[in-house]
Asker: 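Dropping a structure here in structure tokens format, bear with me for questions.
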Amino acid sequence: FRETQNYFKHYTIQHGLGSNTSHAAIEDNEGRLLFGTDKGLVQFRNEQFFPIALPKEFEPPIEVIYESKNKTIWVGGKNSIIAFIWKNNRPICKFYKIESKTEFGVYGFCEDENNNLYVGTFKAGLYKFKNNTFINLSAEHNLNEETFFTLRYIHDRVSAASLNALLIYNIKTNSISRISDQQGLN
């Protein structure tokens, strides 16, 4: 969007975008614009799109991109996440597979003050990523919800929006409370 000219420019695969479908975008701490598509990840600079090489094990679509406090970029895909940092203006990627009985997509990220990453998925539950290990919070707490879209961390609590309720995970007590329509969530 250019304020002085009051117009939007529509970008497509003809402009170098990997796909005409983009569900995730972020401007990182260095001002880089990144877009996740159903085909991969691209960086937008100088009115052009540049594909970012991702590990071959990683499968799009990309539904979420998140920058953590330590400037790591986290990207959610099918059954996995990747983390990357920029070194000499090039992304250095690391792949992390999330083990599950079902195929799923990653839909949400947030992090706590201890730099633990929380991962919300479509069909596979809620996870905590600590010391390069996934902890399945859904299995640990016998949660019925399997889909978590939006995650937010505020004051020792992770709020996870699901299809059926808002779950509040207290990281200090390792407990979960649930707010549903019966408790006034509408």
Asker: For the atom pair CD (Glu113) and OH (Tyr153), what is the distance rounded to the nearest 0.5 Å?
Answerer: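 The CD atom of Glu113 sits 3.0 Å away from the OH atom of Tyr153.
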
Asker: Is the number of heavy atoms from other residues, nucleotides or ligands under 6.0 Å of Gln14 CD greater than 12?
Answerer: no

Asker: I want to check something: taking the side chain as every heavy atom from C-beta on, are Thr37 and Pro61 in contact at a cut-off of under 4.5 Å?
Answerer: no

Asker: Please test Phe104 against Phe122 for ring-ring contact (aromatic ring centres under 6.0 Å, His included), starting from the C-alpha separation and ending with a verdict.
Answerer: CA-CA 5 Å; Phe104 65 92; Phe122 177 73; 9.6 Å; no

Asker: Do Leu143 and Leu137 land in one hydrophobic cluster if side-chain heavy atoms of ILVMFWY residues count as linked below 4.5 Å?
Answerer: yes

Asker: Give me the atom names and distance for the closest heavy-atom approach of Gly18 to Val42.
Answerer: N-CG1, 4.1 Å

Asker: Please give me the minimum heavy-atom distance between Lys78 and Pro60, naming the atom from each residue.
Answerer: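 Looking at all heavy atoms of both residues, the shortest contact is CB-O, 4.0 Å.
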
Asker: Might you point out which heavy atoms bring Ile65 and Leu41 nearest each other, and give the distance in Å?
Answerer: CD1-CD1, 3.7 Å

Asker: May I ask you to check whether over 12 heavy atoms, not counting those of Lys123, lie within 6.0 Å of atom NZ?
Answerer: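 No, because the 6.0 Å sphere around NZ of Lys123 holds 12 heavy atoms or fewer from other groups.
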
Asker: Any chance you could lay out the side chain to side chain donor-acceptor pair (under 3.5 Å) test for Ser19 and Asp38, step after step, and finish with the verdict?
Answerer: CA-CA 7 Å; Ser19 164; Asp38 58 352; 2.3 Å; yes

Asker: Quick check: Phe44 with Tyr11 (ring centres under 6.0 Å apart)?
Answerer: yes

Asker: Quick one: do Ile92 and Phe84 satisfy side-chain contact (heavy atoms from CB on, under 4.5 Å)? Show the steps, please.
Answerer: CA-CA 5 Å; Ile92 308 298; Phe84 69 86; 5.7 Å; no

Asker: Could you walk me through whether Glu140 and Asn174 pass the side chain to side chain donor-acceptor pair (under 3.5 Å) check?
Answerer: CA-CA 10 Å; Glu140 187 177 293; Asn174 191 32; 3.2 Å; yes

Asker: Can you tell me if Lys9 uses its side chain to pair, donor with acceptor, with the backbone of Glu47 under 3.5 Å?
Answerer: no

Asker: Tyr127 and Tyr118: ring-ring contact (aromatic ring centres under 6.0 Å, His included), yes or no, with the steps?
Answerer: CA-CA 6 Å; Tyr127 292 82; Tyr118 295 85; over 10 Å; no

Asker: Taking the six-membered ring for Trp, are the ring centroids of Phe129 and Trp74 within less than 6.0 Å of each other?
Answerer: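 Between Trp74 and Phe129, which both carry aromatic rings, the centre distance is below 6.0 Å.
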
Asker: Got a sec: does the NZ of Lys87 have more than 12 other heavy atoms crowding it under 6.0 Å?
Answerer: no

Asker: Less than 4.5 Å apart, any side-chain heavy atom of Glu67 and any of Asn29?
Answerer: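 They are in contact (side-chain heavy atoms under 4.5 Å apart), so the answer is yes.
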
Asker: Between Val119 and Ile98, is any pair of side-chain heavy atoms under 4.5 Å apart?
Answerer: yes

